[in-house]
Undergrad: 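Quick one: this structure, given as structure tokens, is what I'll be asking you about.
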Amino acid sequence: MEMQKTYDPKSFEDRLYKEWTEKNYFRAEVDPSKIPFTIVIPPPNITGQLHLGHALDNTIIDALIRFKRMQGYSALYLPGCDHASIATEVKIVEEMKREGLTKQDVGRDEFLRRAWAWKDKYGGRIVEQLKKMGVSADWSRLAFTMDERCSKAVREVFVNLYEKGLIYRGDRIINWCPSCKTALSDAEVEYSEDASFFWHLKYPVKDSDEFIIVATTRPETMLGDTAVAVNPKDKRYEHMVGKTLVLPLVGREIPIVADDYVDMEFGSGAVKITPAHDPNDFEVGLRHNLEVIRVMNDDGTMNANAGKAYEGMDRFAAREKIVEDLKACGALVKIEPHAHNVGHCYRCHSTVEPIVSKQWFVKMAPLAKPAIDAVVRNKIHFTPERFSKIYYNWMEGIKDWCISRQLWWGHRIPVWYCGDCGETIVSKTDVDTCPHCGGKNLKQDEDVLDTWFSSALWPFSTLGYPEKTADLDYFYPTDVLSCGYDIIFFWVARMIFSGIEHTGKVPFRDVLLHGIVRDEQGRKMSKSLGNGIDPLEVIDEYGADSLRFALISGVAPGNDSRYSRSKVEAMRNFMNKIWNASRFVIMNAEGEEICALGEVKLTAADKWIVSRLESCIKEVTLNMGKFELGIAAGALYDFMWSDFCDWYIELSKSALYGEDAGKKKGALAVLCFVLENALKLLHPFVPFITEEIYQNLPNTSGSIMISDFPRYNSKLAYKKEAKAFEGVMDIIKAVRNIKTSVNCPPSKKVKLFVASQNRRLISSNAAAIMKLAGVSGIGFVESAAEIGERTASQVTEGCTVFVPLGELVDLEKEKARLAAESERIQGEIARAEGKLHNRGFVEKAPKNLVEAERAKLEKFIEMREKIEKQIKDLS
RNA sequence: GGAGGCAUAGCUCAGUUGGUUAGAGCGCUCGCUUCACAUGCGAGAGGUCGUAGGUUCGAGUCCUACUGUCUCUACCA
């Protein structure tokens with residue numbers, strides 16, 4: 001077939017994806033004759049479309065999956081989406097707002113109908129985007145956190161945890177978002193520093209002239225104060241403990257209590273205690289049996305407990321009014337500027353209010369312990385290793401997990417309350433009769449579960465848990481979990497303890513973390529900055545392979561990277577390079593018989609490129625195994641561009657266009673062999689272009705994606721031969737170098753003379769030298785004197801090359817060039833001598849290194865002598 | 001407050017258990033209509049590897065301190 005001159009991904013990417021799908025290549029079968037290899041997708045939220053972070057996720061995972069599939073594993077990439085409870089609900093509320101509707105207007109059923117419609121629309125879009133990326137996911141197993149299977153797992157887990165006493169319901173301080181009107185987990189709160197104030201307040205002691213000064217950053221909460229605490233060791237307040245204070249504005253009498261929580265050094269050493277609105281105060285309240293008075297409604301306005309003067313006011317308006325009123329009654333001592341970290345909702349960014357509320361919690365301590373152990377005992381390994389420390393840090397200090405959300409979109413909590421007898425029924429299946437009193441007056445808990453509750457089960461819920469399915473048995477535990485380090489706590493940690501608790505096995509063996517893809521200036525991509533990049537637009541312009549290779553190359557695990565257009569462009573150029581190299585091979589192979597490598601006689605150049613290929617196979621395989629995809633990709637880039645294109649293809653031309661039929665046959669065999677293998681090595685990274693070319697190669701059949709990944713073959717390593725051939729390459733480089741230095745155009749043919757011990761190697765590669773260096777003929781000499789013409793010369797490791805250029809050679813410039821070279825060599829000699837004169841080095845360093853150093857020294861000394869001779873000959 | 005990352009060429013970054021002459025892309029300079037590719041070819045310039053110590057025969061790589069920078073985490077009223 002005729003290949004286009006330039007790489008045009010649009011002409012084949014969609015077609016090939018369709019072909020792969022139709023042939024069912026992505027489907028992973030439960031096949032006892034194969035070893036399973038499983039990765040579950042970090043399920044994208046159905047809130048919108050994919051961004052570059054997803055593109056990176058999926059490139060890494062798809063590369064690993066394709067690599068393993070080619071290596072003969074039953075490789076499963078399990079795709080799916082996350083319902084993203086709060087994030088999606090926020091979106092739908094926004095959408096309804098544009099129609100002038102609220103949740104309450106439409107009711108729960110209609111709201112959920114809209115949510116499912118949203119899911120169908122955006123979930124479908126995400127799948128299409130993943131396909132554009134070339135992801136080889138098993139779409140027959142496409143999952144959704146709220147589908148029947150995952151929902152069943154959620155109920156199973158909830159009930160089991162409840163029965164084990166690991167889920168409880170209680171009044172605790174939680175993070176409340178007054179805008180989303182729901183509780184949030186600790187992980188869902190983002191802190192940022194806001195400029196604020198410390199308000200110092202004076203609370204008078206009852207029936208006395210004494211008073212206590214307390215400071216607060218949230219003055220409106222003083223309406224709910226039920227005590228003031230001091231440190232029991234604090235001499236200043238010793239006499240006041242047990243006395244009563246009169247709360248300004250409110251008039252409530254509150255006790256002074258002693259509690260270790262109070263830091264004597266900080267502020268006045270006295271703390272106002274508001275158990276309903278502060279987590280620490282809540283604990284103090286429990287210890288001292290204090291009343292819990294909530295002064296705020298769920299929407300952030302003040303409630304009746306706040307008193308008539310403030311009831312109904314927004315929390316921030318109330319704050320201003322209260323400060324004014326305190327000032328008026330003389331209770332405000334001073335206002336001090338204070339930079340304060342304020343919590344914000346991670347979805348809507350409203351200021352979060354710590355509020356006491358009745359919520360469902362998961363008891364974390366018993367779950368955290370085995371989850372820590374699993375990593376300590378290396379049942380799960382983090383790459384990079386350092387993230388295990390971050391994981392420990394979080395797991396060890398973990399608090400109970402608030403899992404109930406006052407939302408509608410999500411897994412409704414499987415708990416029913418009997419209106420007749422008050423019984424609480426926790427059940428895996430829907431309940432309509434009270435098992436205690438037989439009454440029918442049952443009401444299901446209104447709340448839904450934290451979205452991460454279901455994602456925590458993802459590696460096994462998607463495989464069929466709690467049923468004992470063949471999939472679960474075969475593909476679980478999964479092998480690698482790859483995602484950004486920003487969701488270690490939200491997701492990775494929770495999957496680990498959930499997997500261990502519910503399946504008795506770790507959910508995966510390796511955690512591969514990648515960094516954040518930032519913009520060109522190193523900023524995080526965000527909607528507010530408008531600096532987000534749509535992967536689809538990049539694919540449209542440059543092709544999926546270019547994007548994939550750009551995302552993966554030059555990036556180390558766990559490190560942030562920057563997206564830049566110029567990088568994608570560079571990789572598109574690389575794709576074009578691959579394309580054209582292949583075009584060259586295919587064009588030359590047209591109508592020719594392609595022999596297997598074993599059927600032809602290999603030249604030195606042939607052995608060299610085969611040798612380079614073998615080391616590339618070794619390096620790629622090794623680094624894929626270590627998750628060093630960036631290094632593997634780099635090795636391929638260099639091999640393909642520098643070794644194969646710049647050198648071997650050029651070398652092959654003299655054989656291809658020459659008269660010797662045997663040599664031509666040999667070159668064709670090698671070209672096809674090397675290209676085929678290189679394409680296979682590249683395929684996990686750039687699936688489309690490699691498939692398109694592979695199917696057009698004369699020596700292949702079928703699809704590259706189900707072909708065998710190349711294996712290192714020591715018989716083809718040709719180490720000695722390759723090394724020897726590099727001597728020929730050095731000669732070519734030397735001639736080019738000389739030509740450039742005397743401003744001789746590359747195309748102008750020159751005569752070449754060589755002084756060398758290895759004339760056979762040079763004469764057998766004469767054609768290559770003449771072609772690549774632009775040489776008209778090669779002669780052998782012992783010294784420059786024999787040439788009888790002015791020459792420019794260069795010394796290589798094995799020989800000296802002379803190029804007679806007559807008047808073109810500027811004697812002074814040539815001398816200077818040789819002197820500079822001599823100086824460089826002299827530096828090397830000094831370095832090597834220094835090492836070898838060091839007794840410690842000679843005695844302690846590995847023998848091979850010492851030997852290598854000796855050989856180097858010898859070589860450099862020889863080179864120096866030759867250069868000096870050249871300099872002498874010139875003068 | 002606690003923890004971690006990063007600091008290597010003008011820019012963006014690699015550098016895998018310490019061991020060739022520290023690499024790449026982009027940019028820059030010079031030269032090329034060489035029969036796959038100008039999305040290209042050839043030849044170059046450019047780095048005291050943040051600072052100061054230490055370990056070692058040997059440090060970009062390991063240790064300590066410092067400086068700068070980014071991030072996570074906690075949330076002291």
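First the proteins, then the strands, lettered A, B, ... as listed; each starts at 1.
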Undergrad: Is it the case that B:U20 (base atoms only) and A:Lys856 (side chain only) share a donor and an acceptor within less than 3.5 Å, ignoring hydrogens and angles?
TA: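 Answer no: no donor N or O sits under 3.5 Å from an acceptor.
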Undergrad: Hey, does the side chain of A:His837 come within less than 4.0 Å of B:C57's phosphate (OP1/OP2), counting only N and O?
TA: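 False: A:His837 side-chain N/O out of range (4.0 Å or more) of B:C57 OP1/OP2.
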Undergrad: Can you see if the side chain of A:Trp394 gets near the phosphate of B:G2 - specifically, an N or O under 4.0 Å from OP1 or OP2?
TA: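 A:Trp394 to B:G2 OP1/OP2: no side-chain N or O under 4.0 Å.
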Undergrad: Test for a donor-acceptor pair under 3.5 Å between the base of B:C37 and the side chain of A:Asn576, counting only N and O atoms.
TA: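 No pair found.
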Undergrad: Checking contacts here: which listed nucleotide (B:U16, B:G25, B:G40) is nearest the side-chain heavy atoms of A:Tyr637?
TA: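 Per side-chain heavy atoms of A:Tyr637, the pick is B:G25.
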Undergrad: Indicate, with a heavy-atom threshold strictly under 4.0 Å, whether A:Ala570 touches base, sugar-phosphate, or nothing.
TA: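 If one applies the 4.0 Å heavy-atom cut-off, A:Ala570 turns out to touch the sugar-phosphate alone, with no base involved.
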Undergrad: Using a distance-only criterion (donor-acceptor N/O pair, under 3.5 Å, no hydrogens), is the base of B:C37 paired with the side chain of A:Lys5?
TA: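 No pair found.
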Undergrad: Please name the pair of heavy atoms, one in A:Leu56 and one in A:Gly515, separated by the smallest distance, quoted to 0.1 Å.
TA: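 Heavy atoms only, the tightest pair is CD2-O, 4.0 Å.
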Undergrad: Is A:Asn559 near enough to B:G5 that one of its side-chain N or O atoms lies under 4.0 angstrom from OP1 or OP2?
TA: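 Answer no for this pair, as no side-chain N or O of A:Asn559 is under 4.0 Å from OP1 or OP2.
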Undergrad: Considering all heavy atoms of both residues, which atom of A:Lys524 and which atom of A:Asn531 are nearest to each other, and what is their separation?
TA: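 Heavy atoms of A:Lys524 and A:Asn531 come nearest at O-ND2, 3.0 Å.
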Undergrad: Would you mind reading off the distance between A:Asn280 atom CG and B:C76 atom P, rounded to a whole angstrom?
TA: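 Roughly 5 Å, once rounded to whole Å.
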Undergrad: Output the rounded distance in Å from CZ (A:Arg565) to C1' (B:C26).
TA: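 That distance rounds to 14 Å.
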Undergrad: Only pairs at least two apart or in different chains count here, so list each side-chain hydrogen bond (donor to acceptor under 3.5 Å, both in side chains) that has a residue in residues 628-641 of chain A.
TA: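 Qualifying pairs: none.
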Undergrad: Base, sugar-phosphate, or nothing: which does A:Thr217 touch, judged by heavy atoms less than 4.0 Å apart?
TA: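 A:Thr217: backbone/sugar contact only, no base atoms under 4.0 Å.
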Undergrad: OP1 or OP2 of B:U71 sitting under 4.0 Å from any side-chain N/O of A:Lys524?
TA: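 No, because none of the side-chain N or O atoms of A:Lys524 sits under 4.0 Å from OP1 or OP2 of B:U71.
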Undergrad: NA contact type, A:Val214, heavy-atom cut-off 4.0 Å: base, sugar-phosphate, or nothing?
TA: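 Touches nothing.
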Undergrad: Let's see if you can work this out: which of B:C35, B:U56, B:C76 has an atom nearest to the side-chain heavy atoms of A:Asp278?
TA: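 Side chain of A:Asp278 sits closest to B:C76.
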Undergrad: Find which nucleotide of RNA chain B each of A:Asn623 and A:Met571 is nearest to by heavy atoms, and output the residue with the more 5' nucleotide.
TA: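 First, find each residue's nearest nucleotide; the 5'-ward one identifies A:Asn623.
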Undergrad: Rounded to whole angstrom units, what separation is found between the CZ atom of A:Phe574 and the C1' atom of B:G40?
TA: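 After rounding, the gap between these two atoms is 15 Å.
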Undergrad: Remember a base hit wins even if backbone is also touched, and classify A:Pro279 as base, sugar-phosphate or nothing at under 4.0 Å, heavy atoms.
TA: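 A:Pro279: no heavy atom of the nucleic acid under 4.0 Å.
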Undergrad: Partner of B:G68 by Watson-Crick or G-U wobble geometry, both contacts under 3.5 Å, or none?
TA: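 WC or wobble partner is B:C6.
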Undergrad: Does the distance from a Lys or Arg side-chain N to an Asp or Glu carboxylate O, for A:Arg817 and A:Glu814, drop under 4.0 Å?
TA: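 Between A:Glu814 and A:Arg817 there is a salt bridge, with a charged N closer than 4.0 Å to a carboxylate O.
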Undergrad: For atom P, what is the distance between B:A24 and B:C41, given to the nearest Å?
TA: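 The same atom, P, in both gives a distance of 14 Å.
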Undergrad: Given atom NZ of A:Lys859 and atom C1' of B:U20, what is their separation to the nearest angstrom?
TA: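 Rounded to whole Å, this separation is 8 Å.
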Undergrad: Side-chain N or O of A:Tyr485 less than 4.0 angstrom from OP1 or OP2 on B:U73?
TA: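 Checking B:U73 against A:Tyr485, no side-chain N or O comes under 4.0 Å of OP1 or OP2.
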Undergrad: Considering every strand and a 4.0 Å limit on heavy-atom distances, what is the contact class for A:Tyr7: base, sugar-phosphate, or nothing?
TA: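 Result for A:Tyr7 = nothing.
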Undergrad: Heavy-atom nearest nucleotide on RNA chain B for A:Lys771 versus A:Ile390: which residue maps closer to 5'?
TA: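 The residue closer to the strand's 5' end, by nearest nucleotide, is A:Ile390.
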Undergrad: Would you tell me if any nitrogen or oxygen in the side chain of A:Lys567 comes within less than 4.0 Å of OP1 or OP2 on B:G27?
TA: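 Answer no for this pair, as no side-chain N or O of A:Lys567 is under 4.0 Å from OP1 or OP2.
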Undergrad: Would you indicate what A:Ala852 reaches in the nucleic acid, counting non-hydrogen atoms under 4.0 angstrom: base, sugar-phosphate, or nothing?
TA: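 Touches nothing.
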Undergrad: Rounded off to whole Å, could you give me the CZ-to-C1' distance for the A:Phe644 and B:C37 pair?
TA: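 Distance, rounded to whole Å: 13 Å.
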Undergrad: Checking all strands, does A:Lys749 fall into the base, sugar-phosphate, or nothing category for heavy-atom contacts under 4.0 angstrom?
TA: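 The residue A:Lys749 makes no contact with any strand.
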Undergrad: For A:Lys739 and B:U34, what is the distance between atoms NZ and C1' respectively, to the nearest whole Å?
TA: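 Rounded to the whole Å, the gap is 10 Å.
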Undergrad: Looking for any heavy atom pair under 4.0 Å, which part of the strands does A:Asp646 touch: base, sugar-phosphate only, or nothing?
TA: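 Sugar-phosphate, no base atom in range.
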Undergrad: Establish, with yes or no, whether the OP1 or OP2 oxygen of B:C76 is under 4.0 angstrom from a side-chain nitrogen or oxygen of A:Lys272.
TA: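 No, because none of the side-chain N or O atoms of A:Lys272 sits under 4.0 Å from OP1 or OP2 of B:C76.
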Undergrad: Does A:Asn737 reach a base, just sugar-phosphate, or nothing at all? Heavy atoms under 4.0 Å.
TA: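 It contacts sugar-phosphate atoms only.
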Undergrad: I'd like to know if A:Glu628 reaches the base of B:A14 with its side chain, counting only an N/O donor and acceptor under 3.5 Å.
TA: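 Checked by distance alone, the answer is no.
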Undergrad: Between A:Asn573 and B:C37, does any side-chain N or O lie under 4.0 Å from OP1 or OP2?
TA: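 It does not, given that no N or O in the side chain of A:Asn573 lies less than 4.0 Å from OP1 or OP2 of B:C37.
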Undergrad: If you define the side chain from C-beta out and look only at heavy atoms, does anything of A:Leu629 sit under 4.5 Å from A:Met624?
TA: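 Yes, their side chains come closer than 4.5 Å.
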Undergrad: By the 4.0 Å heavy-atom rule, please label A:Cys645 as base, sugar-phosphate, or nothing.
TA: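 Touches a base.
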Undergrad: Please classify the nucleic acid contact of A:Arg562 as base, sugar-phosphate, or nothing, using heavy-atom distances under 4.0 Å.
TA: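 If one applies the 4.0 Å heavy-atom cut-off, A:Arg562 turns out to touch the sugar-phosphate alone, with no base involved.
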Undergrad: What nucleic acid atoms does A:Arg839 come within less than 4.0 Å of, heavy atoms only: base, sugar-phosphate, or nothing?
TA: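 Nothing: the residue A:Arg839, judged by heavy atoms under 4.0 Å, touches no strand.
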Undergrad: Closest approach of A:Gly285 and A:Pro275, non-hydrogen atoms and distance?
TA: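 Closest heavy-atom pair between A:Gly285 and A:Pro275: CA-CG, 4.4 Å.
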Undergrad: Using a heavy-atom cut-off of 4.0 Å across all strands, would you classify A:Asp263 as base, sugar-phosphate, or nothing?
TA: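 A:Asp263: base contact, heavy atoms under 4.0 Å.
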